[in-house]
Structure formats: C-alpha cells, structure tokens
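Read the numbers this way: they start at 1 and go in the same order the structure lists the ligands and their atoms.
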Amino acid sequence: MTDPRYGLPETIALIDDLHLGCSQVVGTYVMLGDDPVIVDPGPASVLPNLEAGLKQIGLSFSDLHGIALSHIHLDHAGATGSLVRYFPHLKVYVHHRGAPHMIAPDKLLRSATRIYGGQMDYLWGEFLPVPVDNIVTLGGGETLRIGGRALRVFDAPGHAAHHLIYFDESTGAAFVGDTTGLRMPGHTYVRPATPPPDIDLEAWRRTLDMLLSLNPRMLLLTHFGPAHDPERHIADMWDHVLRWAETVRVSLERGEEESAAEARLVALADADLGDVDEAMRRQYAQAGAVEMSWHGLARYWRKRMDAS
Ligand SMILES: [Zn+2]
C-alpha cells in the first residue's frame, strides 16, 4: 500500500484527482500555509475529486490564493478557467508563451479536438477561458512569494515550449510537471511523455541539466507523485527519451507506415515497463499515450529535416 503522504514535506500535499475514476494518474499538489496555492488543477472533469481532496486537508477552493501552472496541456490546466469563473479572486501563474492560450483557448482546443475527437468532453470536460486580469505571466528567473514560501521559477522547455518548473528552496522540492516523464509510485521505470507539437530534445537536455544543478531533494511529478531519487530518475527517463527518439527516427528514415511505426514504439515502451499487471499498464497509458508520443517525436524530426 502506498503511503498517503508519499514522503512529502509537511508543507506540501498531493491530491489524487482520480482521473476517469482511476487513482494515481493525475495529481494536484497543494503548497500549504498562508495563501495556499495549487499546482496544476488537472482537467475540469476531475473538479469534484479535487474539491473532495482539498476538503480532506481542511481546505476549499475559496481558501486558495491561486493556481500555478507547470504548462497548459489539458490534463494539467483544463480546469483553470472553470475555477476562476466561480472563484474570481484566484491568481493564475503561467508561462508567457502559454498565457495567450489560457485567455483565448480556441486554437488549443481545436488542435486537441483533432487528437481526441468525440472523446474531448469525456476525457477533459470543459475548458473555459481565463480573464486576462487573473493571469500572472512568468518566463523563468522570477522568485514568487506565494503559498507561504519563496518559489523560484525556471523556464523549462523540452516537453512543451511553455513549460515552467517551480523550485521550493525551503524543501528542495521541484514541481516538474511533465519535464521528467511519468512514473507510478513504487516503480522505478520512468516513461517519457513526448506529445506534439513542440518536443525539443536539445532544449529538454538543457532543462534537465539546469534542474540537476538545483540539486533537488525530490521531483514532484503530475503523473504521479514524488520521485525521491532525482538523479537516477532523470538519467532513466533520458535513456528512454533517446531510445524512443532513435526508434522514431529510424522508422521515418525507412518510410515505415505510421501505424506500424507507432506500434513499434508502443511495443518498446511495453517491454520496458516489464512485468506489471494489466491495471498498471493501463495507468501508464492513461497518463500518457505512447502513440501520441510517437507523433511528438516524429514532428521533432520532421522539423529538423525541413530545417536542414
Ligand atoms: Zn501531463
């Protein structure tokens, strides 16, 4: 059984958002203390679960000071506009490259609809715009005095061009979003998440080096929970990223059918996951579909080929 505190410092809580009723797929961190802040509320479809999770730690949405977004992908940021509609005092901290899409999400939703089609509502629920007055844009280099602490902000491109990492110096915890992949509690395997449209391996490696230079005590993953072995964790994820990237590159070079190329990557990821039960396989797949990651890497290579 997993420790409900996941080995977190006293000043940080983790709420299991129970995405589609599944535990340990999408999580929301709470920076406790005066003016509490949540990191990545998740999609609107999990709002009742987030509310129940906050209640368990004696909080309600009206107690929050704000929402700090690691990045604007639907599984992380989808609920933001709905929360602000009902709790207009909430501040929304977001990368300046992501902010325009929170204010006017049409383009973001159009591209998501191309991927998820009729599943959009079931998977994510509504995605409401955030009024510009609620938004605090960041780009890295800032120190925020929020959630009862000093929080250093870092630009963290790689998984997404609009990704931020928040580093809490008082605990050594780094809120990494999807920068260090997916890893379920009690497992050592780290699965990369490389969705379209802006995977950038060079930028990503620089982000990971920056992260390592902070000497974090733990990495707080959205999918799911803390990694207490940052160096090994990051090395493991990067190994997989490079192998995935090479696999996709070779498929493109050979002009393989997309469905066959995707299946090749899925098989590789599946083998790396090792001897786990079917429920755990589904948990990883729900947190980050490998087929989507294939498209993210293919896009990365095609951009490079077009540029050369
Ligand atoms: Zn994610």
Undergrad: Are E126 and R85 ion-paired here, with the side-chain N under 4.0 Å from a carboxylate O?
TA: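 No, no charged N to carboxylate O under 4.0 Å.
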
Undergrad: Restricting to N/O/S, name the atom of D178 that gets closest to the Zn ion (ligand 1).
TA: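 Sorting the N, O and S atoms of D178 by distance to the Zn ion (ligand 1) puts OD2 first.
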
Undergrad: So that I can tick it off, tell me whether E253 and R249 are bridged by a salt bridge, with the cut-off set at under 4.0 angstrom between side-chain N and carboxylate O.
TA: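 Looking at E253 together with R249, the answer is yes, because their closest N to O distance falls below 4.0 Å.
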
Undergrad: Under a 4.0 Å N-O cut-off, is there an ion pair linking D272 with R243?
TA: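 Yes.
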
Undergrad: Can you tell whether the side chains of R97 and D198 come within less than 4.0 Å, N to carboxylate O?
TA: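 Salt bridge between R97 and D198, a charged N being under 4.0 Å from a carboxylate O: no.
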
Undergrad: Is the distance from the Zn ion (ligand 1) to some N, O or S atom of H76 under 2.8 Å?
TA: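 Coordinating: yes.
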
Undergrad: Could you grab the angle centred on the Zn ion (ligand 1), going from NE2 in H223 to OD2 in D75, to 10°?
TA: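 Value returned, to the nearest 10°, is 80°.
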
